[in-house]
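Proteins get letters first, then strands, A, B, ... in listed order; numbering begins at 1 in each.
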Amino acid sequence: MPGSDDANAERDETNTQATDETQNRGHHMITRSKSGIYKPKGNTTSSCEEGNTFSFLIEMGYEAEEAYTAIERCGKDTPIMDVIEFIDAARMRHDAHAAPSEVKIEKLQSNRYKHELNESTRFKKQKMDKMAHRPNKMIGFGVPGVPVPPMVINRNLPHYTIGPPYFYYENVALTPKGVWSTISRFLYDIEPEFLDSQYFCAAQRKRGYIHNLPTNNRFRLLPIPPTTIQEAFPLSRPWWPAWDTRTKLNCLVTCVGSAPLTERIKIAIEKSGENEEPPSHIKKYVMNLCKKWNLIWVGKNRVAPLDPNEMESLMGFPENHTRGGGIGHTERYKLLGNSFQVDTVAYHLSVLKNLFPGGINVLSLFTGVGGAEVALHRLGIPLKNVVSVEMSKTCRIVVQSWWEETNQKGKLIHVPDVREVTEHILKKWISEFGGFDLVIGGSPCNNLAGGNRVSRDGLEGQHSSLFYEYYRILQSVRHLMRAS
DNA sequence: TATATTCGGATATCGAGC
DNA sequence: GCTCGATATCCGAATATA
């Protein structure tokens, strides 16, 4: 099924509906009263404070049966926002197995949302776009050594997202317009933390993170890795020309420069003669290529792409993390280019150390080569149970090897397909482990990344639409844990 | 307006191994 | 001669900032 046209068509259809539902839900025709109960904005006749949740849901366009079931299962005193979340999650689960017909989508749209296409909708959207605006310097909610205004750190999370289960979602910062607004709208209107890994290592990596973690008393992993190219590659210093003024590498990606390319650069420089500084047009030509392909100087007039070991080191992984096990060069580049920068993510996750001194249970979605697991381990947070969802067999081998080599005492469960993570199996895990403490993952960025010339088609793209699977699973975990 | 950056994908080619 | 993996080269645009 993975990759098949039918599967994709089905997922696309599901996602279309999901987007509409949540975007519209995101308008919040509901406000929070002083008692913490939600009620519809400008319509006092269906206040939930009066115990009229059922009528309100019907008015919102929910079907009687699902409204009734949801109230039964959530409890009569549950705030209406939580009931709506419950229903949405149920729909997502249902849709994951059976795509709704177009007729049903039309029905939902016409009944439930027709009254929401108004001024407040547009206002809300504008506000969201503004909220997801990326700042000039991507320092997130603070980086070590850079003072940040307290108002940035003391953010206001929606009350229903405070506390466990903690979640952490990551993707590229520079997406097509509107993508982060949509992601944020799904993930409870939480403001993304846009942060560049250049504050943690010698390479840039502009990423957005949406999470409900506390942000005070964060700390860095030790030892602090080199933060400039020159510190990271001391052997290259003698060969580094004065006219290459880079101190940080650009984003480490999955594609690397070729050997013939580096040879062309060498020839171009040497054309200008022995011991002569090249003319400006040659310097510009060379610098463009060096920046584009992240080349470093490794000899006289000789540049080279990073090797996989160097990439591993820059990304914060242990030496030889992706080496062996029959994994080729090209594949290592691909795996590492798609990974977390460990020091950066660990900085965010560091607040979990005091919260879970006995260790944590992790649901790791799109695990890759285990950036999150490595970060938690290096922070000294014991991994009690880790469910790792990752379709690449190579990645699973890497994570399994790391798990064994670091003598983990906990339990690691591999799940190859995200669609296997059903409510049923989640319920089983939650009951077995006592719940998940952290749901973490970065969904595929293929269709969001700037380097993609073929299929940069946004959040609904073939791969990047897996974001909705992250959302579906997170929703299920939140509701199941609340129910248990 | 000019410049810089970007967790990429499709295709052809090459060579090792069979 | 075939398969298969590795390699090389081609392919611009969206976005932001100066």
Side-chain angles (χ1 to χ4, degrees), chain A residues 3 129-130 132-138 169-181 183 194-198 201 203-209 245-246 248-265 280 284-285 287-295 304-308 311-312 314-317 322 326-342 344-345 365-372 390-395 441-459 461-464 466-467 470:
Chain A
D129 282 340
K130 197 176 174 185
H133 177 71
R134 293 176 286 269
N136 293 354
K137 291 199 177 207
M138 286 197 191
Y169 174 79
E170 179 260 14
N171 216 319
V172 292
L174 304 174
T175 60
K177 226 170 184 174
V179 167
W180 271 108
S181 300
I183 292 173
F194 290 110
L195 177 61
D196 191 333
S197 290
Q198 67 164 301
C201 69
Q204 295 186 40
R205 199 170 189 82
K206 295 177 178 66
R207 295 292 179 271
Y209 306 88
T245 55
R246 288 176 296 163
K248 301 277 184 187
L249 292 164
N250 281 337
C251 186
L252 274 51
V253 297
T254 57
C255 305
V256 291
S258 66
L261 173 76
T262 63
E263 187 59 19
R264 286 199 293 274
I265 289 175
S280 60
K284 192 174 176 186
Y285 163 77
M287 284 315 302
N288 276 341
L289 289 174
C290 284
K291 287 177 182 174
K292 182 177 179 186
W293 295 107
N294 259 339
L295 306 173
L306 301 171
D307 70 33
M311 248 175 105
E312 255 167 16
L314 286 162
M315 296 294 282
F317 287 96
T322 59
I327 307 173
H329 236 62
T330 315
E331 184 140 28
R332 288 179 75 192
Y333 283 123
K334 193 124 195 156
L335 303 183
L336 290 162
N338 278 321
S339 174
F340 284 167
Q341 205 287 325
V342 172
T344 312
V345 171
L365 304 173
F366 315 108
T367 304
V369 292
E390 172 55 55
M391 69 180 293
S392 156
K393 189 180 176 187
T394 313
C395 286
S443 60
C445 67
N446 311 32
N447 309 118
L448 310 178
N452 186 347
R453 315 209 173 156
V454 181
S455 55
R456 195 189 189 197
D457 27 34
L459 201 55
Q462 184 185 358
H463 304 287
S464 295
L466 284 169
F467 159 72
Y470 176 93

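Using modelled atom types, no side-chain atom of A:N338 and backbone atom of A:T254 make a donor-acceptor pair closer than 3.5 Å. Between the side chain of A:S464 and the backbone N or O of A:N447, at least one donor-acceptor pair lies under 3.5 Å. A:N294 places a side-chain N or O within donor-acceptor distance of the main-chain N or O of A:N250, the cut-off being under 3.5 Å. Between the side chain of A:R246 and the backbone N or O of A:C290 there is at least one donor-acceptor pair closer than 3.5 Å.
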Polar pairs (N or O, both sides) under 3.5 Å between protein and nucleotides 9-12 of chain C?
{"residue": "C:dT9", "atom": "OP1", "partner": "A:R264", "partner atom": "NH1", "Å": "3.3"}
{"residue": "C:dT9", "atom": "OP2", "partner": "A:S258", "partner atom": "OG", "Å": "2.8"}
{"residue": "C:dC11", "atom": "N1", "partner": "A:R453", "partner atom": "NH1", "Å": "3.4"}
{"residue": "C:dC11", "atom": "N3", "partner": "A:R453", "partner atom": "NH1", "Å": "3.2"}
{"residue": "C:dC11", "atom": "N4", "partner": "A:R453", "partner atom": "NH1", "Å": "3.4"}
{"residue": "C:dG12", "atom": "N7", "partner": "A:R453", "partner atom": "NE", "Å": "3.4"}
{"residue": "C:dG12", "atom": "N7", "partner": "A:R453", "partner atom": "NH2", "Å": "3.1"}
{"residue": "C:dG12", "atom": "O6", "partner": "A:R453", "partner atom": "NE", "Å": "3.3"}
{"residue": "C:dG12", "atom": "O6", "partner": "A:R453", "partner atom": "NH2", "Å": "3.0"}
{"residue": "C:dG12", "atom": "N1", "partner": "A:G450", "partner atom": "O", "Å": "3.3"}
{"residue": "C:dG12", "atom": "N1", "partner": "A:R453", "partner atom": "NE", "Å": "3.2"}
{"residue": "C:dG12", "atom": "N2", "partner": "A:G450", "partner atom": "O", "Å": "3.0"}
{"residue": "C:dG12", "atom": "N2", "partner": "A:N452", "partner atom": "O", "Å": "3.0"}

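With a 4.5 Å cut-off on side-chain heavy atoms, A:P176 and A:R456 count as touching. You'll find the side chain of A:K334 stays beyond 4.5 Å of the side chain of A:T330, heavy atoms only. Contact check for A:R207 versus A:C445: no side-chain heavy atoms found under the 4.5 Å cut-off. In this structure the side chain of A:N171 reaches within 4.5 angstrom of the side chain of A:W180, judged on heavy atoms. Between A:V179 and A:F467 the shortest side-chain heavy-atom distance does not fall below 4.5 Å. In this structure the side chain of A:S258 never reaches within 4.5 angstrom of the side chain of A:W293, judged on heavy atoms. Using a 4.5 Å heavy-atom threshold, the side chains of A:L365 and A:S443 count as separate.
Taking only side-chain nitrogens and oxygens, A:N250 comes nearer than 4.0 Å to OP1 or OP2 of B:dT6. For B:dG8, one of the phosphate oxygens OP1 or OP2 lies less than 4.0 angstrom from a side-chain nitrogen or oxygen of A:N338.
Atom-to-atom, CE of A:M287 to P of B:dA4 comes out at 10 Å; the value is rounded to the nearest Å. Distance CH2 (A:W180) to C1' (C:dA16): 17 Å, rounded to an integer number of Å. Distance CZ (A:F340) to P (B:dC7): 14 Å, rounded to an integer number of Å. Between the P atom of C:dA16 and the CD atom of A:Q204 lies a distance of 16 Å, rounded to the nearest Å. One interatomic measurement links the two molecules: CE of A:M315 to C1' of B:dC7, which rounds to 7 Å at whole-angstrom precision. A straight line from CG of A:N447 to C1' of B:dT6 spans 14 Å, rounded to a whole angstrom. When the C1' atom of B:dT5 is taken as reference, atom CZ of A:R207 falls 12 Å away, rounded to whole Å. Here the P atom of nucleotide B:dG8 and the CD atom of A:Q462 are 15 Å apart, to the nearest Å.
Comparing the same atom, P, in B:dC7 and in C:dT17 gives a spacing of 15 Å after rounding to whole Å.
Nucleic acid contact class of A:C255 (heavy atoms, under 4.0 Å, all strands): base. Base engagement by A:S443 is indicated by at least one non-hydrogen atom pair under 4.0 Å involving a base atom.
Counting atom types as modelled, A:E170 pairs a side-chain N or O with a base atom of B:dC7 as donor and acceptor under 3.5 Å.
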statement: Symbol by symbol from the 5' end, with Watson-Crick or G-U pairs under 3.5 Å, [ ] crossing and | another strand, DNA chain C is |||||||||||.||||||

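With distances taken from any side-chain atom of A:N446 to the nucleotides B:dT5, C:dA16, B:dG8, the minimum falls on B:dG8. In the set B:dT6, B:dG9, C:dT15, the nucleotide with an atom closest to the side chain of A:K177 is C:dT15.
Contacts with DNA chain C (heavy atom under 4.0 Å) in residues 326-337 of chain A: A:G328, A:H329, A:T330, listed by number.
A donor atom on one side chain and an acceptor atom on the other are found under 3.5 Å apart for A:T394 and A:E331.
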